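What follows is one structure encoded as structure tokens, with my remarks underneath.
Lettering of chains follows the sequences in order, A, B, ..., and the numbering in each one begins at 1. Keep in mind the model is a prediction, meaning the values are calculated, not measured.
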2 protein chains.
Amino acid sequence: MYRAATIKQIAEALCVSISTVSRALSDSHEVSAETKRIVLEYAKKINYHSNPIAVSLKRGRSNSIGVLLSDVASSFFSQVINGIESIAYEKGYHVIITQSHDSFEREVTNMSHLASRSVDGILVSMSSQTTNYEHITSLHERGMPIVFFDRILDEIETFKVTTDNFKAAYEATEVLLKKGFKGIGHLTNAPQLSITIERLNGYMAALKANQIPFDERLVFYCHEGGRNPQEIETAIDHYLTKEIKADALLISSDRISTSALRVLKRLGKADQLTIIGFSNSDVIDLLSPGISFIRQRAFEMGEIAAEMLIKLIESKYPIYEFETKLLDGELHWKGKEKI
Amino acid sequence: MYRAATIKQIAEALCVSISTVSRALSDSHEVSAETKRIVLEYAKKINYHSNPIAVSLKRGRSNSIGVLLSDVASSFFSQVINGIESIAYEKGYHVIITQSHDSFEREVTNMSHLASRSVDGILVSMSSQTTNYEHITSLHERGMPIVFFDRILDEIETFKVTTDNFKAAYEATEVLLKKGFKGIGHLTNAPQLSITIERLNGYMAALKANQIPFDERLVFYCHEGGRNPQEIETAIDHYLTKEIKADALLISSDRISTSALRVLKRLGKADQLTIIGFSNSDVIDLLSPGISFIRQRAFEMGEIAAEMLIKLIESKYPIYEFETKLLDGELHWKGKEKI
DNA sequence: CTTATTTTCGGTAACGATTGCGTAGTTTTA
DNA sequence: TAAAACTACGCAATCGTTACCGAAAATAAG
């Protein structure tokens, strides 16, 4: 088996002490220029690289950050990861990805797994099933740096970054109203998620601003976030019943948007419901019938989250001032006016 | 700052030696049942978790695997990651993701970054720009377990898993021929990639089997893999010229397929070229005009790759028999017949 | 030419866990 | 009852690195 070179080997070969080698390699002023040169030269010759595990043990830091999200195989989250990775790479951190698949149990085990793996900090986007935050608060209280992105948690005071969901949902609803739609349904995610609440509020505010009474039958929650196709079928059936009188839908997630469109197409009723959905799919513009969408600045969100976390990790003094950064969604209207 | 509990603390609290605590925790027979009970109980009480960094240093293994691929924000690769992560999680490994963005330099630096991070093994899908394999062979020769997936490398003898690209391209070409298309173009990736070569061979073999002479003007390589939209524009322009007489395209990647479709739609010539493309997008069925596609078993590929790598890592004896596993692509025909 | 001060380096104790070896104390065997 | 064997535990080295402390040289100050 392959054994890497160590400073001990260098020390023995050059007849100097281990300390001197260590200092020479870290360019300490406590070692002469000549000795440095010799050590560096020999280190390069035998292809020495410091053992990061030993350094981690010594320093109590691993230079890696954990990411906890529901699913990597989603256009939104994979773009976020891309952003996270770009910053982490730049600052010399490793990214360790774990998926909850929106399961509470997996979120809890992943969380403790990451903690026991001594990551220096964790980026979290909540699972939609989570209603108990004990696993996060306890870790946070014991000093683990945590930054929330997308699906954030009000209960914990720290840095957060998410889309301005209120505004995005408000604007989307308003567009639909301006285009003449009367019965705007809101098909959304699990009710406990921050993004669900924010978007619902934006939706309701837009209705109110336009003197449209809120009808709670027009709101449908997908507790499984659209993982279960049956859920979407039920939702669409619901909106297509005569009493509801929905003519447009504001849909709160990528998966639900596309699933809903699929169901409508299969039923041959795609023209009955105009969809505007949150989506970061890179082929959304090619869909037919074209659906309008709100694109989130996912890559940027990943970058900002990673920057916030690294700032938290590397701060010499405890931080008490936290920011919640809101990113604007980009609304793309592709539909027709309601006649 | 948060400090985790250590066996030393347990030892002091219970007035036993560190060795005893360590043995009790690992359920050694050299410690009495009573002592074990006391230690385990106390460990649980103070929420003790062994420090994996210390264990890694001692054991010379980190229980983490590195992944090197071009881009996480792609439906195919994100599904592969999903598969990798599911196996790794199950077997107690961490997954460290790095992206080359198809840049040779990033591939080299990521590779050495992963190696110096002492991952126990690496899963590699080659960058499309890579033509020099020194950074991989040298690491492999020094004993680093490496498994290739998707874009594999013949030069290195190890486990590999990829789609049966020859067969998939052969079948796709044959379907087009059976449907009556005469001028089948092949719009593909960078020429040095294994998948490019295999697919080209499948394409050519299908032509030959149907007595169609091969016309090299019908093959167009996207050296940047479609990252540059201009590349696709040029390609489509090329296929739309009269001399070429292409009426269908076999496209070798997800990004190129959708970009090509976008260009065609913009030109209003989507009906002139029937597309069949490799794609793992989960909304490909909703596109219009509908394009036919070959779906790769991405999740399964990730699972298999991770299993192979962990087998390699945990094998007590050196392995000399390697397998290259080929997964069938799933062909979905959505087009019309050529009149 | 002494006495300070600086430069340069070595010894050694951590970091947290594992493990071979030694050894009391107990039990088994002859 | 004495020798042998076993049980249950402690000591200390080790993994590769860093950092504190001390101490020879080398230089500067008086």
(Q) If I take atom CD1 in residue B/I7 and atom P in nucleotide C/dC15, what distance separates them, rounded to the nearest angstrom? (A) 12 Å

Q | Residues B/S64 and B/S62: side-chain donor-acceptor under 3.5 angstrom | A | yes

Q. Applying the side-chain contact (heavy atoms from CB on, under 4.5 Å) test to B/V67, which of B/V72, B/I122, B/I84 qualifies?
A. B/I84

Q) Taking NZ from A/K8 and P from C/dG11, how many angstroms apart are they, rounded to a whole number? A) 13 Å

Q: Using distance alone, with no hydrogens and no angle criterion, decide if B/T6 and B/Y48 have a side-chain donor and acceptor under 3.5 Å apart.
A: no

**Q.** A/T20 and A/S17 side chains, donor-acceptor separation under 3.5 Å
**A.** yes

Q) Does one side chain, of A/S100 or A/S103, offer a donor that lies under 3.5 Å from an acceptor on the other? A) no

Q | Flag for B/S22-B/S19: side-chain donor and acceptor within less than 3.5 Å | A | no

(Q) I want to confirm an ordering. Mapping B/R59 and A/S22 to their closest nucleotides on DNA chain D, which one lands closer to the 5' end? (A) B/R59

Q | Closest to side chain of B/N51, choosing from D/dT17, D/dA19, C/dG16 | A | C/dG16

**Q.** Paired and unpaired positions of DNA chain C as dot-bracket, Watson-Crick or G-U wobble under 3.5 Å, | denoting a partner strand
**A.** ||..||||||||||||||||||||||||||

Q: Send over the distance from A/L57 CG to C/dA17 P, rounded to a whole Å.
A: 9 Å

Q | Residues which pass salt bridge (Lys or Arg N to Asp or Glu O under 4.0 Å) with B/E85, listed by chain and number, not counting sequence neighbours | A | A/R106

**Q.** Per-nucleotide protein contact string for nucleotides 6-14 of chain D, where B marks a base within reach and S marks sugar-phosphate only (heavy atoms under 4.0 Å, - for neither)
**A.** --BBBBB-B

Q. Any Lys/Arg nitrogen of B/E41 or B/K44 sitting under 4.0 Å from an Asp/Glu carboxylate oxygen of the other?
A. no

